[in-house]
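All remarks here apply to the structure that follows.
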Number of protein chains: 2
Amino acid sequence: MTTARTPTGAAPTRGRRAGRSTGDDRETAILATAERLLAERPFADISIDDLARGAGISRPTFYFYFPSKDAVLLTLLDRVTEEADAAAGDVFERLAEDPRAHWRELIARFHATFGGHRDVVLACAQVRGTNAEVRRLWAEVLERWVRAVQAAIEAERARGAAPDGLPARDLAIALNSMNERVWYATFAGDGPAVAERDVVDVLLDVWLTAIYRTTTPPVTTSGGTP
Amino acid sequence: MTTARTPTGAAPTRGRRAGRSTGDDRETAILATAERLLAERPFADISIDDLARGAGISRPTFYFYFPSKDAVLLTLLDRVTEEADAAAGDVFERLAEDPRAHWRELIARFHATFGGHRDVVLACAQVRGTNAEVRRLWAEVLERWVRAVQAAIEAERARGAAPDGLPARDLAIALNSMNERVWYATFAGDGPAVAERDVVDVLLDVWLTAIYRTTTPPVTTSGGTP
DNA sequence: GACCGCAGTCAACACCATGTCGAGTCGAAT
DNA sequence: ATTCGACTCGACATGGTGTTGACTGCGGTC
């Protein structure tokens, strides 16, 4: 097996086993090396030895800090998803003020976050196929976003801005999935992809038409139909 | 490197090196073994030895038939995409007759094809991250479908059934990407996914609203706006 | 009917990455 | 000064991949 050895149940820190001292910089050195190497070649082509040497330690010592190569990536992914979660901010609460502007803001922020760490995101997408731990973490993150979007759609329907239709959860899943795949193609640059400069607007358009049946949804107006 | 060794330029058959004789059944035995094993465990957990033994030959002999494990999967993928291409049939030409029904038919046929070979599709999605050859083939296939959908959207706009909006190509990319990712989640069953029974209708709804701004696009009527 | 060539076969080998073990070093606390 | 635990690495075991070289058997050829 290649899966990470983190004791599945609780994983307070995904990195070192126990206490903390000088080894902290070694840990961050490994992380930094990983991010640097990821910028120049695919994750699969980076060996544990590369990571260790890059951090100035031997291969066995690497195992003192991380249980596997994948665990390093997992730590990197943790950071990115945290940043993405933070980026969402209070956008959802302000949706009714100006739906188009705020949905756009939401998509644009995610785009910026992922784009800022494209190497990590791309690497994760690549190992998700073979690593159950990455798959699990990503599923968890996605589930949070799906729920948030689902709630937003339901709120928009409740205030009469969006028509009924698909179950909000199914719609949220479809839209989030689309974003994920489209971003992946855009960042990876292989296969048909939307130009990076246009991608936010393309995604936004599909979101708006799917949710509101129009690209210019009605602003505020707390009542029912005008 | 783990990439397939097919002489990149022209690859008439992806399998055996040269002539043909009794070894034909060995080749198909390998393919059959791969498909069988794929049904019970992930591609990464299948060794070349497993494939060879399953086909009743030794590991070195495997290399007589295929240059690598990935090449076997590639051959399997070839079949599936061929079947999917065939499944599209003449649906595109009949779109105007009844857009909703025909778009649905199109999505449903792809769903049936992929669902019928989910193990292969899933395995491909998993190695796409690490294998350039699979990535290239998939990109090629996707490009064909994107072009077809793009043309269909443009035709619907030309006959006045669909409003202008996003560049048809960008829209086609986004919609195809969505389908791919949503199917993957549904078949893999990890992470947020649409129930298999609903997935066609969910996708259809997003396609229709994105293309027509309504889930009930106008039938035939060769003229402009009614 | 001896000879060639070639599809087909495999034991044995070279290689490389992963993960583990046991024997250390060194600084802080007792 | 001794002990303890954080930290380190040389050396090894394991397991998968890809290659080599020798062998078999069969269809054609002079």
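Atom set for the values below is all heavy atoms of this structure, side chains included, hydrogens, waters and symmetry mates excluded. Each chain gets a letter, A, B and so on, in the order its sequence line appears, and its residues count up from 1.
- Atoms CZ (B/Phe66) and C1' (D/dG18) sit 17 Å apart, rounded to a whole Å.
- Rounded to an integer number of Å, the gap from B/Leu51 CG to D/dT17 C1' is 13 Å.
- Without hydrogens or angle criteria, A/Arg59 side chain to A/Ile48 main chain gives no donor-acceptor distance under 3.5 Å.
- Protein atom OH of B/Tyr63 is 7 Å distant from nucleotide atom P of D/dT19, rounded to whole Å.
- Contacts of A/Ser58 with the nucleic acid, taken as non-hydrogen atoms under 4.0 Å apart, include base atoms.
- Atom CZ of A/Arg26 and atom P of D/dC9 are 7 Å apart (whole Å).
- Here the nucleotide nearest the side chain of A/Thr61, chosen from C/dA7, D/dT19, D/dC9, is D/dC9.
- For A/Phe62 and D/dG10, the CZ to C1' distance is 18 Å, given to the nearest whole Å.
- Positionally, the nearest nucleotide of DNA chain C for B/Pro60 lies more toward the 5' end than for the other of B/Pro60 and A/Ile46.
- Going from atom CZ of B/Arg59 over to atom P of D/dG16 covers 9 Å, rounded to whole Å.
- Between A/Arg169 and A/Glu143, at least one side-chain N (NZ, or NE/NH1/NH2) sits under 4.0 Å from a carboxylate O, which counts as a salt bridge.
- In this entry the distance linking CG of A/Asp45 with P of C/dA17 reads 10 Å, nearest Å.
- Side-chain atoms of A/Ser68 lie closest to C/dG19 of the nucleotides C/dG19, D/dG18, C/dA17.
- With rounding to whole Å, A/Ile57 atom CD1 is found 9 Å from D/dT8 atom C1'.
- The residues A/Arg147 and A/Glu140 are annotated as not salt-bridged, no charged nitrogen and carboxylate oxygen being separated by less than 4.0 angstrom.
- Aromatic ring centres of B/Phe187 and B/His117: separated by at least 6.0 Å.
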